[in-house]
Structures are given as structure tokens and as C-alpha cells.
Protein chains: 2
Amino acid sequence: MKFPKIPMAAINRLSIYIRALEELEEQGIKVISSERLAKQCGVNPAQIRKDLAYFGEFGVRGVGYRIEDLIREIKEILGLDRTWNIAMIGVGNLGSALIRHGNFIKHGYVFAAAFDIDPHKIGKRLPNGLIIHHIDDLEKVVKECDIHIGVIATPASAAQSVANQLIIAGVNGILNFAPAQIQVPECCHVENVDFTIKLDSIAYHLSTSGT
Amino acid sequence: MKFPKIPMAAINRLSIYIRALEELEEQGIKVISSERLAKQCGVNPAQIRKDLAYFGEFGVRGVGYRIEDLIREIKEILGLDRTWNIAMIGVGNLGSALIRHGNFIKHGYVFAAAFDIDPHKIGKRLPNGLIIHHIDDLEKVVKECDIHIGVIATPASAAQSVANQLIIAGVNGILNFAPAQIQVPECCHVENVDFTIKLDSIAYHLSTSGT
DNA sequence: TTTGTAAAGTGAATTAAATCACATAAAGGG
DNA sequence: CCCTTTATGTGATTTAATTCACTTTACAAA
């Protein structure tokens, strides 16, 4: 295959495929066809084949995909053949809940540091043993702990300035839970998690389909 | 305009527009052009006009959009000209943090009930005064409290059965934080919030752009 | 070794979404 | 009252994503 630009949607689907594949692997299944996997993921079989084809040939014609191999291949594609150290900025309700949440570590994301601006919190220890640093120590700690991704769980008003500090500290990946549009340079990749937008979408559907 | 099918992406952008418009309104701005709003939201001006055109004509040619009116119109489109009672299912780390999180109420979503399955939690009161019910009382409480949307914050393993119970109880909108693919009938609308997928996307970008 | 079958891989076709570019309408100034 | 300016609304165009449908390849059974 040539070098087409890869749709972002395809990348996100790879994550979905991994989730499904890992579940199938736990069930002891060794090989799966694009058709069966597609059904499990709720997508079109050709889409799976095409998504994978962007990166190589991972299947066996007439047989399907060896699940163990495919998981490994997709993880390598996504850069998940390693762990990623991440930092939480904002240790409020949401921030501390996320730190305790098991899903991050399960997928190889390790909270290696936590930051806040509240003097009462600085120096305290979180249940998992992390010390809460002042946000002004961001750059130093980011270097020390080899952190590559920042998770913003501050109020909206602080989000932009935190983002700026992260970028100065050399963090190029940001997962933003604050309900604010943050501006970053080209080199930095931001993903927003705004559940109220999702709720709005639900409200729209409920309103229009006569409920 | 005729009756084309409206892209889901357009619906989601309407939420983005509202966020920006409310911020502008707070700044005392009364009128805005699609061009300025587009810049603020990071989209193309024509896109804004087209998104709005799916639903009517809300602007004034040569002038722009009256912010106050446009907010009201978009809210009406999305079904946000009211409040929505929602239920939290799963009062663990994440669930209780979300309940305390101010963003829901700010956008008109009211946690009207909370459910869990842990006997130690049933009957306890949350900081905001909500009593934690047993999941088996879902149907009864949903009716009593006029709940239309369920938020699933349980472990993945419980997500599908909770979804089933929600649907039986007559809840047709689900916001799913559990990392599991849930199957629902046509009538029900599900939105998934899976931050590990977003993280995977960040990891991919960091890996490919030489970091 | 041959042959039938299953399923990946992929160019072509289709469908959907985003953008352009212009016709249209409102407001203000001369 | 007309002319200029400005910015909307929208058909046409372009771009992107998805799906189809066919070709290729591996395996297994005869």
C-alpha cells in the first residue's frame, strides 16, 4: 500500500479493535475473521481490513487474524508497546477519582506525578502514594519522572495556563477534561473529554425521537 | 432548506458553539459573525452557517448573529430549553466524583438519583443529599423521579446488565463511562466516554511525530 | 498433487462531509 | 432614495471516508 494520510477515525477504531481482541483472547479464542470482529465492534468488515491495511498486512488469507499477533501489531502501531508516564494536573474531585481509576494502568498509562495549586494539598500524599506537587514545579518534576502526557482536570479558567506550562515543560500530549477550548502549538496533540457535549447529543436524540 | 439528514458531527458542533457563545455573552458581546465565532471554535465559517441552516435561519445578513437569540435557538434545537433529570449508576470513585462535578448542573443536567449494588452503600447519603438506592429499585425510582438519562459508571463487567435494566425502566439515553461495548435496542441512544481511547490517540501521535 | 473454500487485501464506486464562492438581504451614510 | 458595505444562506464543488466487489492467497481435504 502507498502512503495515504490515515484518517483519525481509523486510529480511534484501532483502540476499539484492541479492546475487543483482548476480550476474545481472554475467552481463549486464537483466530478471528474480519467479519466476526466487525460484528463485535459494530463496524463494517471491509473497514477493519482497510484500517489495518494502512499499516501492513497482518492477516492470513482464507484464515483470518491471529488474535495474539494482531494485538501486538496494533499496540506497536499505536505506540502502546511500552508504558507512558502521565501527570495529573488538578487533584480535585475528578482528578483524584481518575488517578484511582484502574483503567489507565490497565492500558499502560502510569500516573507518575500529580499537581495542584491549593496550598492545603501541596505535599500531601494520595492513596496511591503520589505526592501532590505545586504546579510551579511542573517542569522540574516532568523531567525527573519522564512524563510525556498531561491530564488536565482543573476548572476551565485554569486550563489554558496549565496547558502553556505543560508545553514549556516539554509535554506534547494533553488529555483535557476541563470544559475549555485550549490553544496549543502544532507540535502538541490535545484530546478533549467533554461529557456535557455527549449529554447534549443524548438530549437531542431524546427530544427529536418523541420522548 | 429541504430535509437532509443531519450529520451527527453537526449536532456535536452545536454544543461547541453554545459554549463559545455563552463565553462571549458573559463578555458583554451582543452580536457575532460566523467568521469570528468560527475562529473561536476552530472551525470553518461556512461550516457554522451550514450547521445552523439545517435548522433554520437565525442570522441577519450583513450583521451576524445576535448572541442571546442564537443561544436560545440552539438550546431549543438540542432540547436544552429544559432541565434533564439523570441517574448515576455506580457510586464508586468515578461516579461520586461526577456527581459532585459542577458541569452537569451548569448545563441543565440534574442528578436526581444514584444507584449501586454494594450493600454498604445502599441507604447512605451523598454529599449533595442524594440517597443511594439499590440497582433493583431502578425502575421504581426512575418513574418517581422522572429520569430520562442514565449514566453508567460501573465496572465494565456490569455495564451490559445495567444497560438492560435502564432500558426496561424506560430510560432511552445512556452515557456510558464503563469501558465496554453495550448493546441496546434502536430506541435507545448511547454515548460512550472512554478516555483510554483518547489516550491511545495521543500515544499514537507522540510515537509517530518523533517524541 | 489437485481442487474447493474461506477470508484477507485492494482498486473502484459510492456516500458523506466540508469548503468554496456567489447571490441575496439588511443596515448605514451620503 | 440609492449606493456601498457587510455578512448570511446556499447550490456547486471538492475532499474525505466508507463500502462494494473482485482478486489473491493460504489451507485442508480428497
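A note on names: the letters A, B, ... follow the listed sequences, proteins ahead of strands, and every chain is numbered from 1.
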Check: Between dA26(C) and Y65(B), is there an OP1 or OP2 to side-chain N/O distance shorter than 4.0 Å?
Finding: no

Note to self: With a 3.5 Å distance limit and no angle check, can you tell me whether K30(B) reaches the backbone of I67(B) through a side-chain donor-acceptor pair?
What the structure shows: no

Next item on the list: Find which nucleotide of DNA chain D each of D51(A) and V60(A) is nearest to by heavy atoms, and output the residue with the more 5' nucleotide.
Entry: D51(A)

Next item on the list: Give the C-alpha distance, both sets of side-chain angles, the deciding distance and a yes or no for side chain to side chain donor-acceptor pair (under 3.5 Å) between Y204(B) and N12(A).
Entry: CA-CA 10 Å; Y204(B) 170 77; N12(A) 289 315; over 6 Å; no

Checklist line | Base dG9(D) to side chain R61(B), donor-acceptor N/O within 3.5 Å cut-off | finding: no

Checklist line | Any S34(A) side-chain nitrogen or oxygen under 4.0 Å from OP1 or OP2 of dA7(C) | finding: no

Next item on the list: Measure from CG on L52(B) to C1' on dA7(D) and round the result to the nearest Å.
Entry: 14 Å

Notebook entry, point to check: CG of N44(B) versus P of dT8(D): gap in Å, rounded?
Noted result: 12 Å

Checklist line | Between dT18(D) (C1') and I6(A) (CD1): distance, integer Å | finding: 16 Å

Note to self: side chain to side chain donor-acceptor pair (under 3.5 Å), that's the test. Do R82(A) and S207(B) meet it? Break it down for me.
What the structure shows: CA-CA 11 Å; R82(A) 51 168 287 185; S207(B) 301; 5.7 Å; no

Checklist line | First of A46(A) and G62(A) reached from the 5' end of DNA chain C, by closest nucleotide | finding: G62(A)

Check: Got a donor-acceptor contact below 3.5 angstrom from the Q160(A) side chain to the Q183(A) backbone?
Finding: yes

Next item on the list: Provide, to the nearest angstrom, the distance between the CZ atom belonging to R49(A) and the C1' atom belonging to dT23(D).
Entry: 12 Å

Check: Whole Å only: how far is the CD atom of Q47(A) from the P atom of dA16(D)?
Finding: 17 Å

Notebook entry, point to check: If only atom types and distance count, is the side chain of D69(B) paired as donor or acceptor with the main-chain N or O of E73(B) below 3.5 Å?
Noted result: no

Next item on the list: Report yes or no: is there a donor-acceptor pair, N or O only, under 3.5 Å between the side chain of K50(B) and the base of dT19(C)?
Entry: yes

Notebook entry, point to check: OH of Y54(B) versus C1' of dA16(C): gap in Å, rounded?
Noted result: 9 Å

Item checked: Whole-Å distance separating the CZ atom of R13(A) from the C1' atom of dT18(D) -> 8 Å

Item checked: Atom-pair distance (CD on E57(B); C1' on dT24(C)), nearest Å -> 10 Å

